[in-house]
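All remarks here apply to the structure that follows.
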Amino acid sequence: MQPSLLRIVISEGEMMTEWVKVCRKSELPDDSGVGALVHGHQIALFYQAELDRVFAIDNHDPVMDANVICHGIIGDLKGQWVVASPLLKQHYNLETGQCLEKSELRLRVWPVRVCQDQIEVQWAGA
Amino acid sequence: MSKAKLIVVGNGMVGHQYLQTLADQGGLDHYEVTVISGEPRVAYDRVHLSEFFTGRSAAELSMVAPDQYENWGLNVVLADPVTAIDRGSKSVALRSSAELRYDALVLATGSYPFVPPVPGHDREHCLVYRTIEDLEAIMASAQGAKTGVVVGGGLLGLEAAKALRDLGLETHVVEFAPRLMAVQLDDAGGALLRSKIESLGVRVHTCKNTQVIEDGEQSRHRMVFTDGEVLETDLILFSAGIRPQDALARQSSLELGERGGIAINNQCQTSDPAIYAIGECALWNRQIFGLVAPGYQMAKVAVSHLLGGEDSFTGADMSTKLKLLGVDVASIGDAHGRSAGSRSYVYLNERTEVYKKIVVDAEGKHLLGAILVGDAEDYGTLLQYALNGIELPKNPEGLILPVSEGGKPAGLGVAALPATAAICSCHGVCKGDIVAALDAGCVDVGGVKAATKAATGCGGCSALLTQVVNHELASRGVEVSKDICEHFPYSRQELFTLVRYDQIKTFNELISRHGKGHGCDICKPAVASILASCWNEHVLKKPHRGLQDTNDRFLANMQKNGTYSVVPRIPGGEITPEKLIVIGQVAKKYELYTKITGGQRIDLFGARLEDLPAIWGELIDAGFETGQAYGKSVRTVKSCVGSTWCRYGVQDSVKLALDIENRYKGLRSPHKLKFAVSGCTRECAEAQSKDIGVIATEHGWNLYVCGNGGMKPRHADLFATDLDTETLIRYIDRILMFYVKTADRLQRTSVWLDNMEGGLEYLQQVIIEDSLGLGAELESHMASVVDTFECEWKATLNDPEKLKRFRPFINSAEKDSGIVMVEERGQLRPATQAEKGELIPLAKVG
């Protein structure tokens, strides 16, 4: 079902993590987001074109219990990279997952790297 | 200890103000209060009574919040007037024959309209203008009437004339004196007011003394004047002054004035110290005060005295500013220059129809009075000079002369006002009170209004209040920022101008040239909307896609569970059975919840992202177009069936609705736009609650603008009457484009107009008279939007690049398993949190 999903398992200290291939970078739309499935888990990938930078953050909006974060608008607020939930517009820091409006909310984020146009997300288990 | 008994007779504006003040000052802890009114409803805003005819309901005019009196613990007696006072036993008798005892009694019985005892004055369809019941009688009488006459050309008479005109009657004003508003205006001011009012279609007859009213030949009545002339009319409204309602005082032998009015002292007590009188029924220093502000002052004084305070009433300023039939009129102090040695300065401009006069004292140092007709903007400044004895500039004429280009306005800066300067005379708020409110933490005009009540009475001081607040904020270093967000130091209007005149086509170009940083969820959609308004490129075109807000991004409205709703356009609400069947078939196939919207369309809910292209493919094949329910753009044009079917209809409202909807569909704007067209004055399409409302008349179309339902309803303003279709469309083109150009982000037309300096009149000048010379540009801009319309969904379906985005995962064909639906009343709806967690879903889509 998921042909593009290849696993490269590496060892970092004692914790087992892996870099999971998700898609090609050229498939990502500029300054916008897409949803992706990694081991059955929904993540949101955002590509900031000017900085040529990709962010990976949980796709689940905890406020409305809906998988929609990838459809939010990204931008910078007071120096932080954020995505605004498309439903009720809470902002989440794309690097830490921290919600700016509700301190008790924090989304998972994952490191991302690009290898020869392949977007890879560092996965440490769901 | 039981509370003392206080009875307040009368529940008009002043009676209500008394109760409000009493409650504010803790008086309800000491008194058990009974309020008694002869009218069937609690206090309402008589100052704005004529708005009843333009759609403001009795409930909207009410001054008393629902349950307010109950919450205060008052005993309220309505429609049961007091018939007698027994001062010996300290009790009042009601018509229902109940008797109530009092320790203190307040008479706030107001006034009644004076009806001259002309033979025939008591005929049917001879009415007065004072209460909501009077207004209902006028409305009933206007049915089947063609003409109406107001007897009396004073302030109230002209208000009444507006009411008759709003009811569609040919309106006449008959005045005994040689000019209108004889008390407040001089001959020149009265003449100018007359010419302005006559140009609005109201006929004015001065120096007319009615001798008899008898049966008419063409109309219900004929009025015969002492000069032998006659006037035929169906309806007569007497508005020839007021008389204090002092019958109870007379019956109980309280001291009265020679010509009526209940005599009071500086504490508002009558000749019986246990009885107070306030408002228009009271006579202080042989004067009756027929305005609301002095009445409020009396209410305050009377409460103060009752609770042991020391306020006193020492007379009141009778200056007034108001809009009569759309004409600004103001009068201050000694407007006629009757003070010994006084001198006048006069400015008259017959082209712009403005008359201004100031009266200064013999030394030329102080302002004694003023008259303004046609332009009352200087009222606030002049009133401050007069009330506070501020020394006049060397050349006082500069205060009323127009400012030449490059010249400095001669107006008094609000900085020069002393802390004691009265800003709001209705609620007795001075500049110092406003400063104190800002010190206490208020940060804007709204906050100051709520804290001080300033500008919440007649509203005449709202411009001055805003100036004072803004000046004070500025002097505190508070910048009133209009920047859209941290990325652009510009308002939306300024951004629009930059985009249009620098021919900027993308967000990145704009932010690199005029902004900083990378943008956010505020500026990106705002700029996307501006770009769409200016250049009308597809919103999903590559550089624009990431700017689009939630709904625009997939051309559908995202619902709470991440599914979408789909709304095909159904112009004017007209739909064939074939198309109706297609909608049903699509809804059934994709398991969509269907609901009829308020805009006469059908909304299909619960569509999955990946199904949207297929759903639209089927709808477009059947001849549908996108309804743009997802966009800040033109939504629907609601219509009634009009003259084609309806036996009352006078024009084809459906045809016009279709034409309008097809013309403006696709226009992106600062916020959504709703329209309606009604085929007759019965207004079944509710056009007066829409951004653009059109109502058919026998001669064409009446255009209403800037109405709103929703969170803060606003009745639309009548913008122009009896337009032909071509002119109507031209005006709408201009209004919409002017709105698109100048409104703030997410500002509906209602708020836009409310915030516009100069208001409706200014908008009329810009659109009808083309005062800014923008007309041709606005029209050609609209023409280019109309010409470049394309159905966004049709274009999307033809573009594989755009279609790629309509799937939940970039690396998988799976569906979003988080979407769970359950059945209710025969359709699917999103499962609640509890249902998702605990119950087994009745249906699981996908």
Side-chain angles (χ1 to χ4, degrees), chain A residues 1-6 20-24 27-38 40-51 53 59-61 63-91 119 121, chain B residues 485-487 506-508 511-512 516-526 528 540 542-554 556-564 609-610 801-802 804-820 830-833 836-837:
Chain A
M1 282 303 283
Q2 296 163 31
S4 66
L5 248 175
L6 296 173
V20 183
K21 286 189 179 174
V22 182
C23 62
R24 308 185 77 80
E27 291 178 89
L28 294 181
D30 287 2
D31 303 319
S32 184
V34 298
L37 268 185
V38 176
H41 194 92
Q42 293 200 20
I43 65 171
L45 290 179
F46 292 97
Y47 178 56
Q48 213 290 328
E50 200 185 337
L51 304 181
R53 192 163 168 197
N59 195 35
H60 185 252
D61 178 339
V63 178
M64 293 302 286
D65 185 25
N67 299 311
V68 293
I69 295 294
C70 64
H71 304 315
I73 291 176
I74 59 165
D76 61 323
L77 285 182
K78 299 195 170 73
Q80 302 182 60
W81 280 104
V82 296
V83 57
S85 163
L87 285 168
L88 295 180
K89 309 293 163 91
Q90 295 87 5
H91 297 90
I119 303 287
V121 172
Chain B
C485 69
E486 67 178 70
H487 302 99
T506 67
F507 178 82
N508 285 345
I511 199 167
S512 64
K516 61 173 192 224
H518 303 272
C520 66
D521 58 307
I522 302 295
C523 60
K524 282 182 171 180
L540 298 188
K542 208 173 162 205
H544 310 318
R545 189 179 177 276
L547 311 175
Q548 305 302 336
D549 209 351
T550 313
N551 294 345
D552 274 319
R553 185 158 293 205
F554 292 105
N557 295 43
M558 187 188 279
Q559 303 300 327
K560 62 194 283 187
N561 65 341
T563 62
Y564 291 85
L609 178 62
E610 61 273 23
E801 265 307 305
K802 293 192 177 92
K804 266 196 202 164
R805 305 271 79 90
F806 289 85
R807 50 178 183 159
F809 308 116
I810 194 158
N811 60 344
S812 164
E814 281 195 27
K815 296 184 171 189
D816 177 4
S817 60
I819 298 173
V820 184
T832 63
Q833 199 94 31
K836 273 195 207 176

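Atoms considered below: every heavy atom in the structure, side chains included; atoms not considered: hydrogens, waters and symmetry mates. All chains are named by letter (A, B, ...) in the order of the sequence lines, taking the proteins before the strands, and each is independently numbered beginning at 1.
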Largest heavy-atom contact set with chain B, pairs under 4.5 Å, which of V68(A), V83(A), N67(A) | N67(A)
Where does L547(B) contact chain A at under 4.5 Å (heavy atoms): side chain, backbone, both or neither?
-> backbone
Is any side-chain heavy atom of I73(A) closer than 4.5 Å to a side-chain heavy atom of P525(B)?
-> yes
The interface call for N508(B) against chain A, heavy-atom contacts under 4.5 Å, is side chain
Decide whether a cation-pi geometry holds between R545(B) and F554(B); the criteria are a distance under 6.0 Å from NZ or CZ to the six-membered ring centre and an angle within 45° of the ring axis.
-> yes
Bottom line for H60(A): the part with an atom under 4.5 Å from chain B's heavy atoms is neither
What option among C485(B), G818(B), G517(B) has the most heavy-atom pairs under 4.5 Å with chain A?
-> G517(B)
If you count heavy-atom pairs under 4.5 Å between each of S32(A), A49(A), G33(A), G79(A) and chain B, which one has the most?
-> S32(A)
Comparing A44(A), P86(A), C70(A) against chain B, the one with the most heavy-atom pairs below 4.5 Å turns out to be P86(A)
Could you look at K524(B) and say if it's the side chain, the backbone, both or neither that has a heavy atom under 4.5 Å from chain A?
-> side chain
For the candidates I74(A), L45(A), L88(A), which exhibits the highest count of non-hydrogen atom pairs separated by less than 4.5 Å from chain B?
-> I74(A)
Could you look at D521(B) and say if it's the side chain, the backbone, both or neither that has a heavy atom under 4.5 Å from chain A?
-> both
When you look at Y47(A) and I119(A), which way does the side chain to side chain contact (heavy atoms under 4.5 Å, CB included) test go after all the steps?
-> CA-CA 11 Å; Y47(A) 178 56; I119(A) 303 287; over 6 Å; no
Greatest number of non-hydrogen atom pairs under 4.5 angstrom with chain B, of D65(A), V34(A), D31(A), D61(A), falls to D65(A)
Gap separating the SG atom of C520(B) from the CG atom of D76(A), nearest 0.5 angstrom = 8.0 Å
Of all of M64(A), Q42(A), K78(A), which one pairs up most often with chain B through heavy atoms under 4.5 Å apart?
-> Q42(A)
Is there side-chain contact between F806(B) and E610(B), with at least one heavy-atom pair below 4.5 Å?
-> no
N561(B) side, atom CG; T832(B) side, atom OG1 - distance, nearest 0.5 Å = 11.5 Å
For R805(B), check side-chain hydrogen bond (donor to acceptor under 3.5 Å, both in side chains) against everything at least two apart and list the hits.
-> none
By side-chain hydrogen bond (donor to acceptor under 3.5 Å, both in side chains), Q559(B) pairs with (sequence neighbours left out) S565(B)
